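It should be emphasised that the depicted structure is a prediction, and the values quoted were computed from it without experimental measurement. First the proteins, then the strands, lettered A, B, ... as listed; each starts at 1. Because only heavy atoms are used, hydrogens play no part in the values below, and waters and symmetry mates are left out as well, while side chains stay in.
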Amino acid sequence: MRSMEETRWSPAATNCFHLFWILLLAASTFLVIPGGLARAEGVEIPNPGADLWREVRQRDATPVPVPAPTTGIDLWREVRQRNAAAIPAGTTQVSGTDSAELINALGDQWRRFRMEQLVPYGGYVLGGMVLFVALFYFIRGRVPIHAGVSNKVLFRYSVYERMIHWFIASIFLFQAITGIFLLFGRDFLIPVIGHGAFSLLASASKEGHNLFGPLFLLALALIFVRFVRRNIYEKGDLTWLLRGGGVIGKKHVPSNFFNMGEKSMFWLLVFAGGTLVVSGLILIFPNFGQGRALMGLSHAAHGITAIVMTAVIIGHIYIGSIGMEGALEGMKTGYCDLNWAREHHDWWAQRCENEDKILSRDQVGRAGVHSPEPAAGQVVEESGK
Amino acid sequence: MIGDLIDGPLWYFSAAVFLLGVLWRVFEILRAGVARDLAPPRAGGSAGAVRALFSRFLPRRSLVKTGKLQLIAGYMFHLGLFALLFFAAPHVDFLEERVTGFGWTPLPHWAFIVASEVAFAGLLLLLLYRLMHPVTRLLSSADEYIGSVLVFVVMLTGCLALARSFEVLRLVHLFSAELLLVYFPFSNLMHAFTFVISRSYTGANMARKGVNA
Amino acid sequence: MNEDFDQGLEVLNGQIDARVSSYFSSCVHCGLCAEACLFYTETGDPKYTPIYKLEPMRRLWFQRHTLRGKVAKRLGLSKEVTRQDFADWEELVYDSCTMCGRCSMVCPVGNDIVYMIRREREGFSKAGYAPEGMKAATHRALTIGSPMGVTLKTLRAVLVHVEKSVGRPVPIDLKGVDYMALFSSMEIVNFPEYIESLSRIFDAAGVSWTISSEAFEATNSGIQIGNREAAAELVGRVVNAAEKLGVKYVISPECGHAYMAIRWEGPNLIGRQYGFEVVHILELLDQLRSSGRLKLKDKTDTPLTLHDPCQIVRRGGVIDQPRNLLNEVASRFVEMKDHGDMNWCCGGGGGVSANDRAEPLRLKVFQRKKRQIEELGVDTMVTMCANCRIILEEGLEHYEMDTEVKMKSLTDMLAEHLEPSPG
Amino acid sequence: MARMKFYCDAERCIECNGCVTACKNVNEVPWGVNRRRVVTIRDGEPGERSLSVACMHCSDAPCAAVCPVDCFYTTDDGLVLHDKDICIGCGYCFYACPFGAPQFPADGAFATRGKMDKCTFCAGGPLEDNSAEEFRKYGANRLAEGKLPLCAEMCATKALLAGDADIVADIYRKRIINRGASVLNRGVSYQNATLRSPSGLSGRATSKE
């Protein structure tokens, strides 16, 4: 006999995860971005044209002094103090991006963002997530299929869908690991393995990260095209959100093929993944002449979204593997247990039942050997569209 | 040092195993021979053999739709691998130094990387297809998985050594390539050579019957 | 036939020649052949993947013809091929393969999978793992002379009707004529009008022909079950009869595997070339048409399509002739989506039609043909294989399509459109 | 210990790019890399000034702070140098450096940059002084020979000064004194360009807001 406590809490606990991600995303956005912005506002880049326009708009006829060093001694002082605002644009005989700029205005801010915010807070977020998941597992345990594993299954993911899922998963995992090496390796690995060995590892990580990056774009595009229709928000999703994915009211909130949390995960993947791809491409194609400022900003965006995305994926991996009974089955074999579907995607399960799409495990055969795909002449409509 | 071993003796050993192994396998196949076809042919077999050798590079139209996943991934992998194996600058240098004695124009660096990306995507998708599709999962034995993983490892170590500035990374890549070379003749990676024999036999036989195979 | 597992294994091993060896070496188990096989596409069961049907043979090849396999076997890493394997694979080798050869056309490395199935059956039948229906048919062919038990007496009874209808005697055992005609039992029993059509056309075209009372049966159960000796015996009967009558040509009838047996396998089975040539009836008719001896009239405007019998078209090379002929007598001939050398099998070839226990599976995979017909929306289907015709008729009946779709023999159709010779 | 510094006297720099040439020559810097460059502001206008800039060998160097593999080190002479055997060519130092000192031999697609290169104050790198390998990777090690960077040595107008910070400061202080009050009273030697004249504000608007 299962205890009442377990029965009442487990579905809610699952959904608690999805809610946690959304909060995490929001929180991290507010945490990290304003710092960067505040600093960005402190910079004044001389812009006579804009100044003139401002004066005209404000009908202000008073001359505006532009701090500009005239004598060599002042110029040198401003350069030494990295005061880009005081230095007018220059020219140089030396070719190269930004080489006519005496001072890189955003350089120091980028440094502070990376060293004082991204690395420490990123570490806290990722470490915290791992800790959270571990605690969750030890306190709540695995979410079981309450009605037990049945002898019936529903067709959930086609071969192609499973392929592209594991395709993006393997690329993401590789990118996350190499990215983590590059971000935290100096603090955690150099003390352990030394400079030489870490440099080797970092070089390998960097080359691998740059090479696999564009593949993530391909994978993301495949995932988007295939799953977007099932991830459009619908009526019940608001209820799901209002009841905190089942946390409030302590019972399962009905959902379709994907629930609100999964849909949010999808859209997060699309937008955060899109940001990762765009910023990543800006960073790995320096040959198009983009300057340090754009690349610094891209790096910041890349770092923030990567941390958020990795934290969310840690939760996703947890729920998909040890966190919930029956969750991995669908992505592994293509079929999910009927009872699992009823407990987590009841509307979808109900529709499958109505449409007589329930298969017995015998029909499915040796672990998903039989596959009712279009090629089999028995066209199974992909559910949840 | 282990590096010298990998770069020297082990390389020559694996190259020798590869070369002799491939020759042995081809001999092993042809040894059994084929009985002469006594039925009066409609057309000569040699032309058919050559035709099949090339025509099978393209899929039959009726298979394009149902087999598109394997076909796309398969083309990506094979074309990408071919380009990066024979036209990447480091490989051209290596082949010139160790094998051919002459070099040829390599791909520009970006094209080399694009080729490896295409090959990686293809190989990953093919491997996943193998794992996911009931047919390939049933058919596949350890041989296919070992072969795929070895090729993947060689490509991955190569990609990690792209900076060409760490000797250790180059040696890791070379070592994994040596493993692949030794494994190659004893596995169905041999299809890279034997497809010529298979297509020729089938093409010749079918051509004698008057069918374009 | 004495059956023995160990002998079967040795026979199977003996069947591994350079072609088989190169095919197994080249196969990377990509699974594309599955998409070409109607047994896979219609059931979705991966065990019907063509190359999987060769697993026992592949394992034997691996253990006896490759260095790695020899080592693996000694180390116990590769399992011995056992009786149980043969028993498990019997269904795959016989019931679920019509030897249609579609898989051989699509294999990226160019493996001729059917070539291997044909050879695998040699080992299986020797070991005694063949369907009872096929064993019985082979036995009848060897003892009575026909897999369906048709005797000379039966033929003579049919010929009486034919002669009455045509109004001329059918030549039997005539020496010195050009052509000797063969029939399949199926034609004699179910479609005697073929003999009638033949007689009319030959009369009109002025072809000198005969039937041998010693060998009129064209079918060859031996090549279906995979028994070289039986197959050679059956081919030998025809060759002896033809050479005794001194004909220049032997006509293979509207039967798929009969053409394969007498035209392509025969000389290799008896180990020598014939003293005559083998032509398929449609090859001959097209030849007569192009030389102007066969005159046809009144094109029908009924929409119709052509079902290509695998052994005649894809595996036999008679591809254009039936189309040339059909275009002479039909103005609205349309091709199915996959036709010619990529046609879909009716599901009854390769001995499957003689194998009673395979019937449910055969009817299931008939859905492929059914869909093809439905896609086209044509209500007349012409073919040139009596076996295909009977299988198609049965399939149509099973799916209650027999009222909409009619089956026709191409030769019969030509006979209907025959312009009487002026002479 | 000495603290090595560069100082560029903008009153003297005539944008001859001699320092750039000297640097390229003595260090055999590869094509596309410029360890030193001369930047001119207000080129062709009143108040034009030029400065020769390279690595400033910062006390709190941003490049060293952000380097993911920690390849930078500060020498006893206060020089910020880096180890090319450790560098992975990520380009972070390039984003962080206020002076645009870090240079990369390539900026190919897929972030193929090669190892970072920058001014070493003609002090080579972490390898054996004046070894062939040190020269190949880092260029000349004039400091080990008791010489100063060639850019400063070659400067025709002696605008670019290099050496111990105290000595450089002394030289510069003397110059200021010699230049006299006119220089200290900013801009008198040349035209006054401190304030921009708001001449354009008397125009008429052609439409109402």
Side-chain angles (χ1 to χ4, degrees), chain B residues 21 24-25 28-40 42 52-53 56-57 59-63 66-67 70-71 74 126 129-130 133-141 143-144 147 186-191 193-195 197-203 205-206 208-213, chain C residues 16-32 34-36 40-41 44-47 49 51-52 55 65-68 71 102 104-112 115 263-268 270-274 277-278 313-319 337-338 341-342:
Chain B
W24 167 253
R25 275 298 294 276
E28 212 173 41
I29 288 166
L30 297 178
R31 185 173 54 175
V34 171
R36 199 165 66 88
D37 188 359
L38 295 172
R42 280 195 222 278
L53 191 53
R56 292 275 170 125
F57 280 119
R60 285 268 169 176
R61 215 179 54 216
S62 57
L63 205 72
T66 44
Q70 290 130 293
L71 289 172
L126 282 180
Y129 187 91
R130 198 175 274 297
H133 200 277
V135 166
T136 42
R137 201 163 57 200
L138 178 70
L139 292 178
S140 301
S141 57
D143 193 10
E144 275 84 31
F186 307 104
S187 69
N188 60 13
L189 293 172
M190 270 303 286
H191 76 278
F193 295 99
T194 56
F195 84 93
I197 308 175
S198 301
R199 285 185 190 175
S200 304
Y201 272 139
T202 304
N205 183 267
M206 295 302 268
R208 280 198 290 272
K209 293 181 181 174
V211 180
N212 288 346
Chain C
I16 298 172
D17 62 359
R19 274 178 81 177
V20 175
S21 239
S22 103
Y23 292 159
F24 281 134
S25 299
S26 298
C27 178
V28 291
H29 291 150
C30 71
L32 270 173
E35 305 295 345
Y40 171 73
T41 63
D45 194 332
K47 72 178 180 182
T49 304
I51 198 74
Y52 188 66
E55 196 55 23
H65 295 258
T66 69
L67 192 64
R68 186 180 169 201
V71 173
R102 213 168 175 272
S104 301
M105 300 303 273
V106 303
C107 177
V109 291
N111 289 353
D112 191 347
Y115 177 81
R263 175 70 175 87
W264 299 113
E265 279 210 23
N268 299 313
I270 63 168
R272 67 172 176 90
Q273 296 194 329
Y274 306 148
E277 269 183 50
V278 176
V313 179
R314 177 165 42 232
R315 306 293 294 177
V318 183
I319 303 169
K337 206 170 122 208
D338 290 316
D341 60 8
M342 282 308 283

Portion of [X] that has a non-hydrogen atom of chain B nearer than 4.5 angstrom:
X        : result
C/Ile16  : backbone
C/Thr49  : side chain
C/Val278 : neither
C/Cys107 : both
C/Asp341 : side chain

Heavy-atom contact with chain C under 4.5 Å, split by part of [X]:
X        : answer
B/Leu189 : neither
B/Arg36  : backbone
B/Arg56  : both
B/Arg130 : side chain
B/Ser187 : both
B/Leu63  : side chain
B/Pro59  : neither

Find the one option among C/Ala34, C/Pro108, C/Gly266 whose heavy-atom pairs under 4.5 Å with chain B are most numerous. C/Pro108

Interface residue of largest heavy-atom contact number with chain B, from C/Asn268, C/Val20, C/Asp17, under 4.5 Å: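 Highest number of heavy-atom pairs under 4.5 Å: C/Asn268.
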
Winner by heavy-atom pair count (cut-off under 4.5 Å) against chain C, out of B/Glu144, B/Arg42, B/Arg31: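 Top count of heavy-atom pairs under 4.5 Å with chain C: B/Arg42.
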
Looking only at heavy atoms and a cut-off of under 4.5 Å, which of B/Gly33, B/Gly147, B/Gly67 has the most pairs with chain C? B/Gly33

Is the positively charged end of B/Arg25 above the ring of B/Phe193, judged by distance under 6.0 angstrom from the centroid and angle within 45° of the axis?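 No, a cation-pi geometry is absent between B/Arg25 and B/Phe193.
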
Minimum heavy-atom distance C/Met105-B/Asn212, with the two atoms named: CE-O, 3.5 Å

